[in-house]
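Reviewing the structure listed below.
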Amino acid sequence: MIKELILEDLSKIVEALKLEDNNRYSVEEPKSNEHGDFSTNIAMVLAKLNKTSPRELASKIAEKLEKNKHFSKVDIAGPGFINITISQALYQDILLEIFIAGDDFGTSEHGDGKMVLLEFVSANPTGPLNIVNARAASYGDALCKIMRKVGFKAEREFYINDAGNQVDILAESVELRLRELRGEDIGEFPFEAYHGDYVIELAKEINSLEGNRILLMPEKDRLEKLKEFSLQYIHNLQKSSLAKFDVEFDNWVSEKNLRKQGMVEEVLSYLAEAHCTYEKDDAIWFKSSEYGDDKDRVLLKADGTPTYIVPDIAYHLTKYQRGFEVMIDVLGPDHHGYIPRISAAIEALKYDHSKLQFIILQQVNLFEQGEKVKMSKRLGKLVTMDDLYRAVGKDVSRFFFLQRSTNSHLNFDLELATKESNENPVYYCQYAHARIHSILKNAKKLGWKPRKSDLKSLKLLIEPEEMELIKKMTRFPELLISIAESRETHRLPTYVMELAGLFHKYYGKHKVVDEKNEALTRARLHLIKIVAKVLKLALDLMGVSAPEEMKQKGKAGAKSTTTRKKTTTKASSTKKTGTAKKSTTTKKKTTKK
RNA sequence: GCGCCAGUAGCUCAGCUGGAUAGAGCAACGCCCUUCUAAGGCGUGGGUCAGGGGUUCGAAUCCCUUCUGGCGUGCCA
């Protein structure tokens with residue numbers, strides 16, 4: 001909001017000074033406070049074009065900028081940066097605006113009601129959701145919330161691959177377990193079958209409900225029945241895992257239904273009409289290499305059944321047919337070979353493939369006792385979303401997943417996450433929120449009630465730490481827009497950490513409630529209340545709760561014992577460890593040199 | 001072989017469209033609870049931004065190249 005103001009000023013100045021313009025200058029927030037609140041490189045960018053030196057041009061521009069009453073200081077520094085310090089009055093005004101906006105702070109019309117479809121998780125219905133699915137769920141849900149906040153009409157969708165080969169194998173696996181359960185000798189459990197314990201649980205469930213009724217059916221009916229039952233069971237399982245993470249989907253799309261509706265045949269004939277199929281080795285191929293894929297792909301196998309690509313193409317066509325203008329597929333790392341195939345088909349069918357975007361979430365490496373855990377769904381060796389939930393809970397998991405950028409691998413040490421849950425940055429953020437509410441509660445006890453006239457007292461906020469807080473909050477709306485556009489949700493946790501940090505710092509330095517100075521107290525209470533609001537808005541978007549009070553240390557984590565060092569130990573013991581450690585560190589230093 | 005992603009502090013990772021002395025959390029060390037929750041604050045130490053070229057006023061960021069790691073490259077999904 002302030003940036004625009006400065007840019008506006010600059011363009012007026014460029015005009016007034018009759019400068020040649022290439023529109024390549026920008027306004028940024030310098031890292032260091034010594035360089036003001038905002039800085040612009042305009043003089044450096046335009047100097048050459050206007051045949052002058054950067055510093056000379058800077059002084060001309062600065063002179064004009066100084067006339068703006070919102071700027072309290074305009075400096076020239078370094079090679080020609082112009083550093084601008086914003087007046088306290090402007091910050092105070094903005095704080096008031098944020099207060100008035102309330103829950104709508106950060107809400108915008110940026111997306112212009114554009115219809116967006118976010119497809120994520122879409123796990124095979126053959127087992128429980130794993131840790132990568134958990135990452136996808138956290139990411140997709142947060143992105144959806146953020147996009148909605150900035151004016152997109154976004155929907156969350158889960159595509160269920162409930163047809164095809166792997167579902168047959170699931171049914172067969174269940175049947176074997178069921179027979180085993182009923183005392184039959186099934187020999188060695190086949191390698192290709194699903195080995196996870198959930199298959200046994202599933203068989204138990206069937207056994208208790210149906211006994212051996214299903215096993216007595218003719219083979220075709222039997223497998224159909226087992227399939228149906230298993231799919232429903234696992235669907236519910238997955239849904240409940242997602243529910244624990246507070247992730248809900250707007251649409252569940254079934255592959256089986258698409259097939260029933262004849263979409264497979266439709267896609268095949270569309271592609272044939274577009275002259276991009278041919279027959280080879282008894283199979284039907286798609287000339288995907290003509291549309292940017294590495295090689296051609298089989299659509300219909302020699303045995304006459306379609307490969308997975310066909311229903312997938314059909315599914316993506318429905319996205320277009322349903323009128324979405326932006327379609328985002330969130331995929332796992334093992335699926336990036338999938339992108340050119342689907343894009344090729346979309347292009348071949350003359351749809352605008354630029355509307356379809358792919359986000360690849362990189363893998364999650366699990367570490368247990370310092371060793372990487374190999375995950376394999378077939379062998380049932382995988383850490384599930386539920387395991388993660390039990391170990392660290394929803395808030396920590398979601399925060400943790402969102403913190404990383406999508407294309408960076410994520411090393412997740414389960415033990416560490418469990419053991420050190422008290423040390424997790426999520427508590428740092430939540431604590432800031434809880435602390436504020438604690439102060440507010442305390443103030444209430446002292447008889448403070450918000451009054452309309454308080455808003456005038458905001459002028460009393462003049463401390464640098466107060467300005468820092470306001471400044472950080474002003475960035476929130478533009479941040480959300482930028483996240484929605486870049487799909488980089490990891491910038492939100494970073495922001496929350498920063499805002500929480502600024503608050504903690506403020507808390508340490510200034511006392512909010514001062515009974516001797518009522519006006520200032522009222523102003524500060526307002527300030528922190530607004531900070532709490534922004535923290536909560538941001539945490540809500542991430543799906544992380546913003547508690548009003550923190551549970552006592554040691555009770556917060558999954559395990560009751562806290563690893564935090566005992567801060568209460570006084571003099572003697574700390575001194576001892578202190579000196580002991582000191583000697584080791586000095587040793588280290590000397591050996592280093 | 002080809003394609004995608006990554007390589008930044010001891011560890012896990014940020015670093016927005018190239019910007020001024022490279023940051024956070026954790027770990028280490030030293031201070032700070034007679035003051036609103038110490039799950040906090042202040043301070044110290046810790047870096048050849050994988051290596052090498054290039055582009056320019058200016059590069060962790062852009063281009064080329066080498067090395068290392070992960071993944072993909074099925075008539076599996």
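Each chain gets a letter, A, B and so on, in the order its sequence line appears, and its residues count up from 1.
- Residues meeting the salt bridge (charged side-chain N to carboxylate O under 4.0 Å, His left out) test with A/Asp293, sequence neighbours left out: A/Arg297.
- Side-chain atoms of A/Asn83 come within donor-acceptor range of the base of B/rA20, with a qualifying N/O pair under 3.5 Å.
- Summarising the base pairing, B/rG30 is matched to B/rC42 through a Watson-Crick or G-U wobble pair whose two defining distances lie under 3.5 Å.
- Residue ring and nucleobase are not stacked for A/Tyr507 and B/rG41 under a centre distance beneath 5.5 angstrom and an angle between planes beneath 30°.
- Counting distance only, with no hydrogens placed and no angle test, the side-chain atoms of A/Ser39 and the base atoms of B/rA20 include a donor-acceptor pair under 3.5 Å.
- Between A/Glu518 and A/Arg522, at least one side-chain N (NZ, or NE/NH1/NH2) sits under 4.0 Å from a carboxylate O, which counts as a salt bridge.
- Partner assigned to B/rG23 is B/rC13, using Watson-Crick or G-U wobble distances below 3.5 angstrom.
- Residues passing the salt bridge (charged side-chain N to carboxylate O under 4.0 Å, His left out) test with A/Glu465, sequence neighbours excluded: A/Lys509.
- With distances taken from any side-chain atom of A/Trp285 to the nucleotides B/rA77, B/rG40, B/rC75, the minimum falls on B/rC75.
- A/Thr307 meets the side chain to side chain contact (heavy atoms under 4.5 Å, CB included) test with A/Val298, A/Lys301, A/Ile309, A/Val310; sequence neighbours excluded.
- In this view, A/Tyr308 and A/Arg341 satisfy the side-chain hydrogen bond (donor to acceptor under 3.5 Å, both in side chains) rule, not counting sequence neighbours.
- With a cut-off of 3.5 Å on both Watson-Crick or G-U wobble distances, the partner of B/rA77 is given as none.
- Residues from residues 515-525 of chain A with heavy atoms under 4.0 angstrom of RNA chain B: there are none.
- By the salt bridge (charged side-chain N to carboxylate O under 4.0 Å, His left out) test, A/Lys227 pairs with A/Asp168, A/Glu224, sequence neighbours left out.
- Regarding the sugar-base torsion, B/rC33 falls in the syn class, its angle being within 90° of 0.
- Pairing partner, B/rC62: B/rG54, with both Watson-Crick or wobble hydrogen-bond distances short of 3.5 Å.
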Can you pull every protein N or O that's under 3.5 Å from an N or O on nucleotides 2-4 of chain B?
unit_1: B/rG3; atom_1: N2; unit_2: A/His336; atom_2: NE2; d: 2.5

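- Scored by the salt bridge (charged side-chain N to carboxylate O under 4.0 Å, His left out) test, A/Asp282 finds no partners at all (sequence neighbours excluded).
- Heavy-atom nearest nucleotides on RNA chain B were determined for A/Lys295 and for A/Gln363, and the one closer to the 5' end corresponds to A/Gln363.
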Check against ring-ring contact (aromatic ring centres under 6.0 Å, His included), A/Phe476 and A/Tyr495: CA-CA 8 Å; A/Phe476 188 59; A/Tyr495 175 82; 5.6 Å; yes
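- At a threshold of 4.0 angstrom between heavy atoms, the contacts of A/Ala77 include nucleobase atoms, whether or not backbone atoms are also involved.
- Listed by chain and number, the residues in a side-chain hydrogen bond (donor to acceptor under 3.5 Å, both in side chains) with A/His110 are A/Glu485 (sequence neighbours excluded).
- With P as the reference atom, B/rU55 and B/rA60 are 16 Å apart, rounded to whole Å.
- Taking atom P in both B/rU73 and B/rC57, the straight-line distance is 46 Å, to the nearest Å.
- Within residues 472-492 of chain A, the residues that have a heavy atom under 4.0 Å from RNA chain B are, in order of number, A/Arg475, A/His490, A/Arg491.
- Spacing of P atoms, B/rG54 relative to B/rG46, comes out at 31 Å, to the nearest Å.
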Can you give me every donor-acceptor pair (side chain of residues 437-445 of chain A, partner residue at least two apart or in another chain, under 3.5 Å) with its distance?
unit_1: A/His437; atom_1: NE2; unit_2: A/His433; atom_2: NE2; d: 3.4

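- Using a 4.0 Å heavy-atom criterion, one finds that A/His433 contacts no nucleic acid atom at all.
- Residue A/His504 is in sugar-phosphate contact alone, with no base atom involved, counting any heavy-atom pair closer than 4.0 Å across all strands shown.
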Got a list of side-chain donor-acceptor pairs under 3.5 Å for residues 45-52 of chain A, not counting sequence neighbours?
unit_1: A/Asn50; atom_1: OD1; unit_2: A/Glu20; atom_2: N; d: 2.7
unit_1: A/Asn50; atom_1: ND2; unit_2: A/Glu20; atom_2: O; d: 3.1
unit_1: A/Asn50; atom_1: ND2; unit_2: A/Leu46; atom_2: O; d: 2.9

